[in-house]
Structures are given as structure tokens and as C-alpha cells.
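Quantities reported herein were computed from a predicted structural model and do not represent experimental measurements. All heavy atoms count here, side chains included; hydrogens, waters and symmetry mates do not. Numbered from 1 within each chain, the chains take letters A, B, ... in sequence-line order.
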There are 4 protein chains.
Amino acid sequence: MFIQLDFESKKPIYTQLKHEIIAGIARKDLSAGEALPSVRSLAADLGINLHTVNKAYQQLKQEGFILIHRQKGVVIHPDGVPEAGEDYYAELKETLRPSIAESICRGLSEEEYLSICQDIFKGFKEGEKK
Amino acid sequence: MFIQLDFESKKPIYTQLKHEIIAGIARKDLSAGEALPSVRSLAADLGINLHTVNKAYQQLKQEGFILIHRQKGVVIHPDGVPEAGEDYYAELKETLRPSIAESICRGLSEEEYLSICQDIFKGFKEGEKK
Amino acid sequence: MFIQLDFESKKPIYTQLKHEIIAGIARKDLSAGEALPSVRSLAADLGINLHTVNKAYQQLKQEGFILIHRQKGVVIHPDGVPEAGEDYYAELKETLRPSIAESICRGLSEEEYLSICQDIFKGFKEGEKK
Amino acid sequence: MFIQLDFESKKPIYTQLKHEIIAGIARKDLSAGEALPSVRSLAADLGINLHTVNKAYQQLKQEGFILIHRQKGVVIHPDGVPEAGEDYYAELKETLRPSIAESICRGLSEEEYLSICQDIFKGFKEGEKK
DNA sequence: GTGGTCTAGACCACC
DNA sequence: GTGGTCTAGACCACA
């Protein structure tokens with residue numbers, strides 16, 4: 001598991017960390033039940049604040065990606081991630097709509113856009129090394 | 001032209017406004033050279049501050065979607081929007097990657113994801129009413 | 001004499017008009033004592049407001065480039081333009097300083113910068129057609 | 001770092017501030033990676049509004065001179081400023097043309113004009129104290 | 001503490 | 001009337 005953060009991005013650090021862990025699960029680097037580093041050690045490894053790691057973990061727990069045991073530490077949720085529900089579809093569309101709108105304005109065809117999506121899917125399937 | 005803002009959303013109002021205008025261009029509600037409302041009148045219509053509208057307009061200008069004349073007001077860029085370049089592709093991928101990662105985790109198949117994209121494209125082609 | 005205005009520039013129209021007339025004098029298209037169009041006719045020719053032409057003319061008069069006779073109309077100042085004084089040198093430096101600072105930051109050498117200046121001088125000497 | 005603003009000037013304050021910072025970089029007072037004062041503290045120091053400082057910073061960021069970290073504050077861009085491109089040359093010429101035109105009208109020779117430019121270059125090289 | 005966002009109200013330049 | 005600038009003060013997100 002390799003986590004790459006961009007401290008100059010406009011995306012908050014905790015969001016980047018969350019996305020990296022989700023990406024790890026998506027490409028099967030992290031599997032159900034597997035242990036994650038403790039808040040403390042991950043913060044030290046990445047050179048970031050404890051609170052930042054904690055915020056990422058709390059949100060991952062909230063969204064069902066991980067479990068946080070007081071003693072056993074942090075593990076990927078053994079039962080897998082909750083399936084997509086109505087809420088998730090709505091949220092996904094809200095994310096994609098502006099992206100697609102801008103792409104249309106900039107002259108991308110539907111085929112090109114879908115092809116970019118497929119490339120990314122392919123990357124996860126092959127277990128891309130970030 | 002119908003602009004719908006969600007004041008409860010986490011997305012800044014000026015960003016929502018920007019996206020709504022880009023969506024308007026994408027579905028051809030707004031065409032090249034067409035005039036947009038003045039900063040003040042749009043702010044009044046939407047019940048927001050004129051600086052918020054101005055910020056959205058400034059960013060749209062910056063990204064090549066509109067032109068701002070000191071006196072004549074604001075118009076959709078007559079020459080169309082700059083085509084997608086390297087930067088845009090990179091940015092687009094950065095947007096899509098976390099979205100796709102999460103979808104994979106939540107059990108969406110590639111086909112389902114692409115189908116959602118296609119629906120949104122279809123919406124723009126048909127001139128969806130928001 | 002050919003005047004080209006850019007209605008989408010951020011420079012005010014009256015400033016552009018002023019600069020075009022000064023450029024005309026610089027490349028000897030307009031010579032001392034020569035008549036300029038009336039405010040009214042120039043405004044009609046260019047498709048701009050009377051006040052805009054008038055403002056340009058007033059500033060040119062103020063700075064000694066033209067004379068405005070109530071009856072005879074507008075003429076290039078017969079005695080030529082006032083020579084550069086202390087004030088002008090100071091103003092010129094204030095204009096050049098930020099331009100040169102940015103050029104240095106962007107990696108232009110002094111030679112390149114001066115060479116650009118020389119090109120522009122050459123353009124005026126050859127009576128460039130804008 | 002010493003910033004001098006002229007509140008009587010026609011040039012907007014945020015523009016003056018921007019130019020002062022660029023000048024600071026040009027004469028190596030500010031070097032790559034160096035931290036700049038926070039929006040609030042600089043505003044307090046200069047006796048201006050924090051939004052005015054912010055506007056200057058945003059434009060400097062936009063043009064690649066600085067980086068703005070959400071928490072760490074503002075630093076001179078570590079990779080240096082983007083090199084001059086086609087656009088910059090065009091813009092530079094548009095700036096210089098009116099200046100040179102007026103200088104010709106006022107009787108400055110090409111040599112005098114270039115000599116003034118050289119003086120300003122010299123000033124930056126020697127690390128002029130404003 | 002930092003910057004980001006939003007509001008409110010003022011005055012000015014331009015046409 | 002238009003947008004541009006500046007001020008003032010508020011609350012939030014981030015680390």
C-alpha cells in the first residue's frame with residue numbers, strides 16, 4: 001500500500017487520504033478484514049497531523065469502508081462496502097454532471113469521455129501502482 | 001435559462017452558478033454571443049450577493065467561457081470554448097478517478113457506470129430542463 | 001489614417017483611440033497642422049459614443065498633441081508635441097518598471113527585451129500599417 | 001521586503017501590490033520557496049483590506065508566481081515562474097507600443113528610450129531598494 | 001493560526 | 001445603466 005499526497009493540491013489532505021484508501025480497496029491492494037495502520041503511525045509515516053488522519057478514518061467508517069475497534073485497531077470492513085443505494089446514485093450523478101457538461105463545451109465526444117472512464121477502470125483492474 | 005441553486009449544498013454558491021451556466025452552454029440553452037444577465041440583476045434574481053455572481057463570472061471569463069465588456073455586460077464567448085488540452089484531460093482524470101474507485105468498491109460494474117454517463121450525455125443532447 | 005479598436009479589450013475605448021492617434025503621429029501618418037475628423041464624424045465612423053471621442057480629444061489636447069478650435073475643428077498641434085520633461089520620464093519609468101520586472105521573472109534576457117523595443121521602433125519608422 | 005503603495009495613484013492597490021512582489025522576485029529579494037506574509041498580516045501591515053491583498057495573491061497564483069496552501073500560507077513558487085510564451089510576448093508588445101509611440105512624439109530617440117530600459121534592468125540586477 | 005466564502009454597502013470609470 | 005475597486009465584518013474548513 002502506497003499513499004501519495006499532494007500538499008499543494010487544493011483538495012484537503014484528509015480527502016486525498018480517504019481517496020487513496022478507497023482506491024487501494026478498488027484495486028484489491030486492501031482486502032476485507034485487512035488491518036490498516038493506526039492513526040498515530042500513519043500520521044507519522046505521512047508526516048501529517050493526527051487529526052487529519054483521524055478525520056479521514058472517521059469518514060471512511062461513516063461511509064462503511066472500515067471498522068474502528070478500540071483495541072484491535074482499524075480494519076477494512078470485513079463484510080465489504082455497502083452497495084450503492086439511491087443516495088449514492090444521486091451523488092454520483094451530481095459529480096458527473098458538471099464534468100460532462102464542461103467536456104461537451106470543450107468539444108469532447110461522448111466516445112472520448114467514455115473511453116477515458118474505461119481507461120481508469122482498466123487501471124484499477126490491473127491493480128495500477130498509483 | 002433557469003438557474004437552480006442549493007444553498008444547503010457544501011459546494012460554494014459561485015461554483016454551482018458556474019456549473020449551471022456551463023450546463024446551459026452544453027445543452028445549447030446559451031449560444032455563442034448570447035448575453036447573460038448583468039452581475040447585479042442576476043444577483044437580485046437569485047437572491048445572492050453581487051460579489052458572488054461576480055466571482056462566478058470572473059472564473060468563467062478566466063476559463064474562456066464568457067467575455068466581460070465593461071459596459072455592454074457579459075456574453076457567452078463568441079468563438080466558443082477553448083478545446084480540451086493536456087491540462088484538461090489530466091484534471092478530468094483526477095476528477096473521475098476517485099469517483100470510479102468508490103463506484104468499484106460499492107459494486108457498480110463498469111457497464112453500469114458508463115451507462116450513467118451516457119444518460120447524462122443524453123440529457124444534455126435533449127436539452128434537459130435541469 | 002486607419003483606426004482599429006478592440007471592443008473586447010479591457011482598455012477603455014477612449015484610451016485606445018488616444019493611443020491610435022498618437023501612434024499615427026509617431027509614424028508620421030498625421031503631421032503637424034493636419035486636420036482630424038470632427039468629434040461627431042469620427043464617432044459615427046467608429047460606431048462609438050460622442051462622449052468617448054470627446055474624452056480622447058480632450059486628453060490629447062490636455063497633453064499637447066492637438067488643438068481644438070471652436071470653428072476650425074481639430075488639428076494636430078502645429079508646433080509639435082511638447083518635449084519630454086521630468087514628469088514624462090518619471091511616468092515612463094513607472095510604466096516600464098513592472099513590465100521589465102515581469103520579463104526578468106519570466107526569463108527574458110535584457111537583450112531580448114531591448115530587441116523587442118527596437119522592433120517596435122522599427123515598425124514606427126517604416127510607417128507600419130497598424 | 002519593503003512594499004511601498006501609492007494610495008493616490010490611479011493604479012488599483014492590488015495591482016501595485018502585485019507589481020511590488022514581482023519586482024521583489026526580479027531583484028531576488030524574494031527567492032523560490034520563500035514564504036510571504038499571510039493575507040491578514042500583510043493587510044494589517046499595509047493598512048489595507050484583507051480582500052485587497054487576497055486579490056493580489058490570487059492573481060499572482062493564477063499567473064504562476066506563487067503557491068497558496070490552505071494552511072501553510074503563501075510561498076513564492078518553488079519551480080520558478082513559467083517562461084514567457086507567445087501570449088506573453090504579444091501582451092508585452094501591446095504594453096510597449098503606446099509607450100514607444102508617445103516617446104517618439106515627444107522627441108525621445110531610440111537610444112534614449114533603450115537607455116532608460118537598461119537603467120531599470122541595472123536597478124533590478126543591483127537589487128535596487130525600491 | 002491559515003485561507004475560503006459570503007454578505008453589505010460604498011464610490012468610481014466607462015459609455 | 002454597466003463592471004471595477006475597496007472596505008468591513010462575519011462564519012467556516014483545514015491542520
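Checking side-chain atoms of B/Gln16 against main-chain N and O of B/Lys11 turns up a donor-acceptor pair under 3.5 Å. Judged by distance alone, with hydrogens and angles left aside, the side-chain atoms of C/Arg40 form no donor-acceptor pair with the main-chain N or O of C/Leu50 at under 3.5 Å.
Among F/dC6, E/dT7, F/dC14, the nucleotide with an atom closest to any side-chain atom of D/Tyr14 is F/dC6. Nearest nucleotide to the B/Val39 side chain, out of F/dG3, E/dG4, E/dC15: F/dG3. Comparing E/dC15, E/dT2, F/dT5 by their nearest atom to the side chain of D/Pro12 picks out F/dT5.
Rounded to whole Å, the distance from CG on D/Asn54 to P on E/dT2 is 13 Å. The distance between atom NE2 of D/His69 and atom P of F/dA15, rounded to the nearest whole Å, is 12 Å. In this structure, CG of B/Leu36 is placed 10 Å from P of F/dG3, rounded to the nearest angstrom. Here E/dA8 presents its P atom at 6 Å from CG of B/Asn49, a figure rounded to the nearest Å. One interatomic measurement links the two molecules: CG of B/Leu5 to P of E/dC6, which rounds to 10 Å at whole-angstrom precision. Per the geometry, CD belonging to B/Glu8 stands 15 Å off C1' belonging to F/dC12, to the nearest Å. Going from atom NZ of D/Lys55 over to atom P of F/dG3 covers 14 Å, rounded to whole Å. Straight-line distance from the CG atom of B/Leu42 to the C1' atom of E/dC6: 16 Å, rounded to whole Å.
When the nearest nucleotides of DNA chain F are assigned to D/Gly47 and B/Lys61 by heavy-atom distance, the more 5′-ward of the two goes with B/Lys61. Between A/Lys11 and B/Val74, it is B/Val74 whose nearest contact on DNA chain F lies nearer the 5' terminus.
Taking only distance into account, the side chain of B/His51 meets the base of E/dG9 through a donor-acceptor pair shorter than 3.5 Å. Taking 3.5 Å as the limit, the base of F/dG3 and the side chain of B/Arg40 contain a donor-acceptor pair of atoms between them. The base of E/dC15 lies outside donor-acceptor range of the side chain of B/Gln71, with no N or O pair under 3.5 Å.
Test C/Gln58, C/Lys18, C/His77 against C/Glu63 for side chain to side chain donor-acceptor pair (under 3.5 Å) and you get one pass: C/Lys18.
Close to E/dT5, at under 4.0 Å from its OP1 or OP2, lies no side-chain N or O of B/Thr52. Phosphate contact (OP1/OP2 of E/dG4, side-chain N/O of D/Gln58, threshold under 4.0 Å): present.
With a cut-off of 3.5 Å on both Watson-Crick or G-U wobble distances, the partner of E/dC14 is given as F/dG1.
We find the OG-CD1 distance between C/Ser38 and C/Ile68 to be 11.5 Å, quoted to the nearest 0.5 Å.
At most 12 heavy atoms of other shown residues, nucleotides or ligands fall within 6.0 angstrom of atom CG in A/Asp87. Around CG of B/Asp79, the count of heavy atoms belonging to other residues, nucleotides or ligands within 6.0 Å exceeds 12.
Looking at heavy-atom distances under 4.0 Å, A/Ile48 makes no contact with the nucleic acid at all. Here B/Leu50 lies out of heavy-atom contact (under 4.0 Å) with every strand.
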